[in-house]
**Q** 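The structure's right below; bear with me while I get my questions together.
Within every chain, numbering begins at 1; the chains are lettered A, B, ... in the order of the sequence lines, protein sequences first and strands thereafter. Model, not experiment: these values are computed from the prediction.
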Amino acid sequence: MSASLAPECNEVKEYVLSFRVHSFLRTVSKHEYRRYDSCFLKWYSEKFLRGNATTDECEPLFKQYKQCLGKALKSRGIDSMLEEAREDNRENDAQHLRDG
Amino acid sequence: MKVFATSTDFDYSWEEVSTSNWRKYGPWNEMTPHVIAVDTLSRTIDPATGILRTERLITCKQTAPKWVNTLLGSKDTSHAYETSYVDPIAKKVTICSMNMTYSDLLSVRETVVYRPASSNPSARTTMEQNAKITAFCGGWQKIKNSIEQFTVERFQQNAAKGREGFEMVLEMSRKVFAEQRELRIMQEAKTALAP
């Protein structure tokens with residue numbers, strides 16, 4: 001998947017891989033699934049889409065990644081821009097969480 | 001204000017499209033090298049509807065032409081804020097994005113919806129894309145118009161590229177999933193045969 005804007009967070013988000021399918025398959029071993037993005041994709045395709053999503057097993061990884069990212073967003077001043085965007089997005093939430 | 005709308009079908013199931021959508025800007029997509037980072041900000045399942053809501057921050061290398069940078073002020077990177085809503089029962093993905101950079105001068109709001117295609121719901125997916133572009137530069141109607149016109153033209157070019165890039169991601173995902181399945185079956189067979 002994609003890299004983080006904060007390189008220091010890639011460790012927990014996911015390695016930045018440049019690969020072909022075969023090398024990809026060889027390098028994707030169990031430990032890769034510990035990275036948040038991979039963990040999420042697996043959960044999404046195997047559980048969420050099939051209606052078996054009771055708990056989010058990727059939550060502990062997400063917490064680690066979010067902690068790292070939060071610092072980066074603050075130091076770059078992106079957090080205040082995000083607050084504005086969230087404010088502007090309220091109507092989308094109202095519409096799409098209601099309609100489904 | 002200017003409006004842009006387009007619709008297209010992909011020869012992949014809704015499940016494949018909705019999964020690949022999370023990798024849309026990854027290394028498999030050769031058409032979006034300007035997207036340098038995609039960060040997930042929050043992710044929750046709405047208890048009432050079962051809809052998965054995700055907030056992401058998209059970071060791009062700035063590629064605006066010089067005259068736009070002269071007018072709006074030049075920046076190295078730009079950010080977009082994206083919220084998506086996945087309803088696994090209704091089989092609908094809705095992705096809303098807006099610009100965070102230059103947002104005092106220009107508003108770009110895009111909505112993309114993926115749904116099973118009515119012609120072949122189990123194997124095809126329809127994508128509908130809508131964008132609203134509004135420039136706010138006081139009374140300078142001419143400048144406002146040229147910024148809106150430029151942005152809508154960019155959108156048109158990017159929509160074609162976006163489709164091509166997403167096709168690459170869909171194709172790779174299908175290959176990788178097939179190979180992973182094969183690998184798993186082989187491993188299971190090996191374990192079963194082990195003394």
**Q** Which atoms of B/Glu55 come close to chain A, meaning under 4.5 Å heavy atom to heavy atom: side chain ones, backbone ones, both, or neither?
**A**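 Side chain of B/Glu55 only, per the 4.5 Å heavy-atom cut-off to chain A.
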**Q** Just so I understand: if I count every heavy-atom pair under 4.5 Å between each of B/Asp46, B/Leu52, B/Ile36 and chain A, which residue has the most?
**A**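 Counting heavy-atom pairs under 4.5 Å, the top option is B/Leu52.
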**Q** May I ask you to check whether over 12 heavy atoms, not counting those of B/Lys2, lie within 6.0 Å of atom NZ?
**A**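 Yes - once you tally the heavy atoms of other residues, nucleotides and ligands closer than 6.0 Å, there are more than 12.
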**Q** With a 4.5 angstrom heavy-atom cut-off, is it the side chain or the backbone of A/Leu73 that approaches chain B, or both, or neither?
**A**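 The side chain, not the backbone.
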**Q** Which answer fits B/Ser107, side chain, backbone, both or neither, if we ask what part of it has an atom under 4.5 Å from a heavy atom of chain A?
**A**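 When you check distances to chain A, no heavy atom of B/Ser107 falls under 4.5 Å.
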**Q** Keeping B/Asp39 on the side-chain end and A/Leu5 on the backbone end, is there a donor-acceptor pair under 3.5 Å?
**A**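 Present.
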**Q** Would you verify whether the NZ or CZ of B/Arg43 falls within 45 degrees of the ring axis of A/Phe40 while also being under 6.0 Å from that six-membered ring's centre?
**A**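 Yes.
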**Q** With a 4.5 angstrom heavy-atom cut-off, is it the side chain or the backbone of B/Met98 that approaches chain A, or both, or neither?
**A**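 For B/Met98, the contact with chain A is made by the side chain alone.
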**Q** Is B/Val35 close to chain A through its backbone or its side chain, or both, or neither, when contacts mean heavy atoms under 4.5 Å?
**A**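 Answer is neither: B/Val35 stays 4.5 Å or more from chain A.
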**Q** Select one option (side chain, backbone, both, neither) describing which atoms of B/Thr19 are under 4.5 Å from chain A's heavy atoms.
**A**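 Both backbone and side chain.
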**Q** So for B/Leu57, is it side chain, backbone, both, or neither that comes closer than 4.5 Å to the heavy atoms of chain A?
**A**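 Looking at B/Leu57, just its side chain touches chain A.
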**Q** Heavy-atom distances under 4.5 Å only: say whether B/Thr77 touches chain A with side chain, backbone, both or neither.
**A**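 Neither part; nothing is under 4.5 Å.
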**Q** Decide, yes or no, whether a salt bridge links A/Arg50 with B/Glu15 under the criterion of side-chain N to carboxylate O below 4.0 Å.
**A**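 Salt bridge between A/Arg50 and B/Glu15, a charged N being under 4.0 Å from a carboxylate O: no.
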**Q** What class does the angle between the rings of B/Trp22 and A/Tyr44 fall in, given that below 30° is parallel, 30 to 60° is tilted and above 60° is perpendicular?
**A**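 B/Trp22 vs A/Tyr44 ring planes: perpendicular.
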**Q** Please tell me whether A/Asn92 and B/Tyr85 have a donor and an acceptor in their side chains that are separated by less than 3.5 angstrom.
**A**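 Distance-only check fails for A/Asn92 and B/Tyr85.
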**Q** Going by side-chain contact (heavy atoms from CB on, under 4.5 Å), A/His96 matches just one of B/Thr83, B/Thr94, B/Asp87. Which one?
**A**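 Exactly one pass, corresponding to B/Thr94.
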**Q** Nearest heavy-atom pair of B/Leu41 and A/Lys66: which atoms, and what distance?
**A**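 What the structure gives for the nearest pair is O-CD, 3.5 Å.
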